[in-house]
Amino acid sequence: MDVMEKVVALCKRRGFVFPGSEIYGGVGGIYDYGPLGVEMKNNLKSLWWRWMTVEHDNIVGIDGAIITHPKVWEASGHVKGFVDPLTECKKCHHRFKADDVTGQLCPDCGGELTEPKNFNTLVPTELGIIEDEKVKTYLRGEACQTIYLNFKNVVNSTRVKLPFGIVQIGKAFRNEVTYGNFLFRLREFEQWDLQWFTKPEEMDKWYDYWKQARMDWYSGLFTHPDNLSFHQHEKLAFYAKKAFDIQYRGQEMEGIHWRQDWDLSRHSQFSGQDLTFEGLIPWIVETSGGVDRTFLFLLADAYTEDGDRIILKLSPRIAPYKIAVFPLLANKPDLVIKAKGLYEHLKPLFKTVWDDRGNIGKRYYSQDEIGTPWCLTVDFQSLEDNTVTVRDRNTAGQIRMPISELDSYFTEKLK
Ligand code: ATP
């Protein structure tokens, strides 16, 4: 089994990610996050959000609707221009983006390919309850559009001045031609986007700034940052001067886009509204990343085997639980009472889990597999001197520490 297959199995076994609608046979390209997955995903999103909106003074957030006016997707070019011409194999019926295949034969089975046809990847929906009066619209194909739609509302309701950013984390929907590879290519997924509005003369400077800042941010989270790299695009949209992706082992995780004044100009044209600010239509640097892809790559990067021990070496900041608390023996009331007291104390401060099943070795293995960075054990010595053992996930090494020092120890570790 390769690492990805092992990660998929671990996700199901330990409750990170489940196939969508599984009891009905599933829906391709749709997944649900389980009890551990939602904790990790929330940690990830709140780190991103904090970094963007707390560590930068000039970035504000929005949370836009998934359903927008149908004209949005005409203005964005998705309804007409941005459809992907596809070609289908007459033998195995696999479909490919016409741009991705060079010859006449199927890359999967060698069968003959059809002429490319246009497909619209937007997911349509209808609003209204009367059959003939329903309005056709789309679930948003990319989250960023609601930022453009609210550009005027934000500048009119806040005190932002150029350059400034608007961020959003939100769902997007695409009828992907070839969905698959677990969370890599989904039909329903989440994006984190920054739209950075600047004067044209500062565009180059800000593009380079955000490109590096985003790489540094990801590098701080991955177990092996060497697996991250930039990929430079050679084919550029007509408005773009340059385009880079941040990749994990050669696969796109986030795009750093030079969008110039394209989006606001188009919405201004299609809506008839004046979207100028400080005397011009601002230019945009966009950083657009996939939350689910990042989640998947973080798990794959953290997955480690040491003999029969599986260890998820996740950054403690994103691990679902930070601390596990055990009584050495579950049948010794003194130990259990003391350990429970410690658990109740730590629970509101750090995401903490209680475990008193089986033997201590099994509990360590179980916590290693879900990435819990520290396990605290209350033993007989704890009853005498108020210390506990603190075991480190990555090294399996243990130190003994006074209970009174734990809060500051973990606060420091989680900074
Ligand atoms: P790709 O070339 O892989 O289809 P894209 O260039 O269409 O991606 P963007 O539209 O730039 O992607 O979206 C920004 C980010 O959103 C991507 O870098 C990726 O992390 C994420 N993303 C895009 N499509 C999907 C999908 N179908 N499933 C999961 N994540 C996605």
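Atom set for the values below is all heavy atoms of this structure, side chains included, hydrogens, waters and symmetry mates excluded.
Ile403 places a side-chain heavy atom less than 4.5 Å from the side chain of Leu342. Between Asp292 and Lys41 there is a side-chain heavy-atom pair separated by less than 4.5 Å. In this structure, the side chains of Phe326 and Val378 stay at 4.5 Å or more apart for every pair of heavy atoms. Counting heavy atoms from C-beta on, the side chains of Ile284 and Phe151 never come closer than 4.5 Å. Contact check for Asp204 versus Lys241: side-chain heavy atoms found under the 4.5 Å cut-off.
If you check the side chains of His78 and Gln145, you find no donor sitting under 3.5 Å from an acceptor.
Residues satisfying the side chain to side chain contact (heavy atoms under 4.5 Å, CB included) criterion with Ser229, sequence neighbours excluded, are Gln247. Residues satisfying the salt bridge (charged side-chain N to carboxylate O under 4.0 Å, His left out) test with Asp368, not counting sequence neighbours, are Arg309, Arg391. In this view, Asp99 and Lys235 satisfy the salt bridge (charged side-chain N to carboxylate O under 4.0 Å, His left out) rule, not counting sequence neighbours. Under the side chain to side chain contact (heavy atoms under 4.5 Å, CB included) criterion, Ser46 pairs with no residue, sequence neighbours left out. Considering only residues two or more places apart in sequence or on other chains, His231 meets the ring pair (Phe, Tyr, Trp, His ring centres under 6.0 Å) condition with His233. When the salt bridge (charged side-chain N to carboxylate O under 4.0 Å, His left out) test is applied to Lys152, no partner is found at least two apart in sequence or on another chain.
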Item to check | Trace of the side-chain hydrogen bond (donor to acceptor under 3.5 Å, both in side chains) decision for Arg259 with Gln195 | outcome: CA-CA 9 Å; Arg259 302 207 55 101; Gln195 305 293 321; 5.4 Å; no
Next on the checklist: Applying side-chain hydrogen bond (donor to acceptor under 3.5 Å, both in side chains) to Asp385 and Thr387, what does each step give before you reach the verdict?
Outcome noted: CA-CA 6 Å; Asp385 65 3; Thr387 62; 2.7 Å; yes
Next on the checklist: Go through it in stages, so that I can follow the logic: the residues are Val291 and Lys45, the test is side chain to side chain contact (heavy atoms under 4.5 Å, CB included), and I'd like the CA-CA distance, side-chain angles, deciding distance and then a yes or no.
Outcome noted: CA-CA 8 Å; Val291 181; Lys45 290 196 285 184; 4.0 Å; yes
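Residues Val135 and Pro70 come closest through the heavy atom pair CG1-CG, 4.4 Å. Of all the heavy atoms in Arg393 and Gly371, the pair that sits closest is NH1-O, 2.7 Å. Heavy atoms only, all atoms of each residue included: Tyr364 and Gln398 are closest at OH-NE2, 3.5 Å. Counting all heavy atoms, side chain and backbone alike, Pro320 lies closest to Lys351 at O-CG, 3.1 Å. Shown here for Leu275 and Ser268, the closest heavy-atom pair between the two residues is CD1-N, 3.7 Å. Ile318 approaches Asn43 most closely through the heavy-atom pair O-ND2, 3.3 Å.
The CZ atom of Phe197 sits 12.0 Å away from the CG atom of Leu280 when rounded to the nearest 0.5 Å. A distance of 10.0 Å separates CG in Leu44 from CD in Glu190, rounded to the nearest 0.5 Å. For the atom pair CD1 (Ile147) and CD (Glu286), the distance works out to 8.0 Å, reported to the nearest 0.5 Å. Distance OG1/Thr372 to CD/Gln367: 4.0 Å, rounded to 0.5 Å. From Asp193, atom CG reaches atom OG of Ser288 across 3.5 Å, with rounding to the nearest 0.5 Å. For the atom pair CH2 (Trp48) and OG1 (Thr294), the distance works out to 11.0 Å, reported to the nearest 0.5 Å.
Relative ring orientation between Phe182 and Tyr31 is described as perpendicular, the plane-to-plane angle rising above 60° on a 0-90° scale split at 30° and 60°. Between Trp262 and Tyr239, the angle of the ring planes stays under 30°, which puts this pair in the parallel group of the 30/60° scheme.
A side chain to side chain donor-acceptor pair (under 3.5 Å) check over residues 212-221, counting only residues at least two apart or in different chains, returns the pairs Trp192-Tyr218, Gln212-Asp216, Arg214-Tyr218, Arg214-Glu254, Tyr218-Glu254. Here side chain to side chain donor-acceptor pair (under 3.5 Å) pairs that include residues 165-177, with residues two or more places apart or in two chains, are Arg140-Gln168, Thr146-Gln168, Lys171-Glu188. Pairs passing the salt bridge (Lys or Arg N to Asp or Glu O under 4.0 Å) check and including a residue from residues 24-33, sequence neighbours excluded, do not occur. Every pair tested for salt bridge (Lys or Arg N to Asp or Glu O under 4.0 Å) that includes a residue from residues 325-338 fails, sequence neighbours excluded, so the list is empty.
With respect to the salt-bridge test (charged N to carboxylate O, under 4.0 angstrom), the residues Asp356 and Arg363 do not qualify. Taking the charged nitrogens against the carboxylate oxygens, Lys347 and Glu344 do have a contact shorter than 4.0 Å, which makes a salt bridge. Salt-bridge check for Lys313 with Asp301: failed, with every basic side-chain N at 4.0 Å or more from each acidic carboxylate O.
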For residues 3-19, which side-chain N or O atoms pair as donor and acceptor with protein atoms under 3.5 Å away, sequence neighbours left out?
{"unit_1": "Lys6", "atom_1": "NZ", "unit_2": "Glu305", "atom_2": "OE1", "d": "3.4"}
{"unit_1": "Lys6", "atom_1": "NZ", "unit_2": "Glu305", "atom_2": "OE2", "d": "3.1"}
{"unit_1": "Lys12", "atom_1": "NZ", "unit_2": "Glu22", "atom_2": "OE2", "d": "3.1"}
{"unit_1": "Arg13", "atom_1": "NE", "unit_2": "Glu369", "atom_2": "OE2", "d": "3.4"}
{"unit_1": "Arg13", "atom_1": "NH2", "unit_2": "Glu369", "atom_2": "OE2", "d": "2.5"}
{"unit_1": "Arg14", "atom_1": "NH1", "unit_2": "Ser366", "atom_2": "O", "d": "2.9"}
{"unit_1": "Arg14", "atom_1": "NH1", "unit_2": "Glu369", "atom_2": "OE1", "d": "2.9"}
{"unit_1": "Arg14", "atom_1": "NH2", "unit_2": "Ser366", "atom_2": "OG", "d": "3.2"}

What pairs of donor and acceptor atoms, side-chain ones from residues 50-60 against any protein atom, are under 3.5 angstrom apart with sequence neighbours left out?
{"unit_1": "Thr53", "atom_1": "OG1", "unit_2": "Trp49", "atom_2": "O", "d": "2.8"}
{"unit_1": "His56", "atom_1": "ND1", "unit_2": "Trp51", "atom_2": "O", "d": "2.8"}
{"unit_1": "His56", "atom_1": "ND1", "unit_2": "Met52", "atom_2": "O", "d": "3.2"}

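When the shell of 6.0 Å around CZ of Arg249 is examined, it contains 12 or fewer heavy atoms from other residues, nucleotides or ligands. Within a 6.0 Å radius of NZ in Lys117, no more than 12 heavy atoms belonging to other residues, nucleotides or ligands are found. When the shell of 6.0 Å around NZ of Lys242 is examined, it contains more than 12 heavy atoms from other residues, nucleotides or ligands.
Cation-pi geometry between Arg185 and Tyr179 is not met at under 6.0 angstrom from the ring centre and within 45 degrees of the axis. Figure legend: Lys322 and Phe350 shown without cation-pi pairing, the cationic atom not lying both under 6.0 angstrom from the six-membered ring centre and within 45 degrees of its axis. Both the sub-6.0 Å distance and the 45° axial angle are satisfied by Lys211 relative to the ring of Phe230.
Between Tyr248 and Phe222, the distance from one ring center to the other falls under 6.0 angstrom. Residues Tyr33 and Phe295 place their aromatic rings such that the two centres sit under 6.0 Å apart.
Looking at Thr137, its side chain does come within 3.5 Å of a backbone N or O of Thr68 through a donor-acceptor pair.
Of the residues Trp283, Tyr207, Tyr209, Trp206, the one that meets the ring-ring contact (aromatic ring centres under 6.0 Å, His included) test with Trp196 is Trp206.
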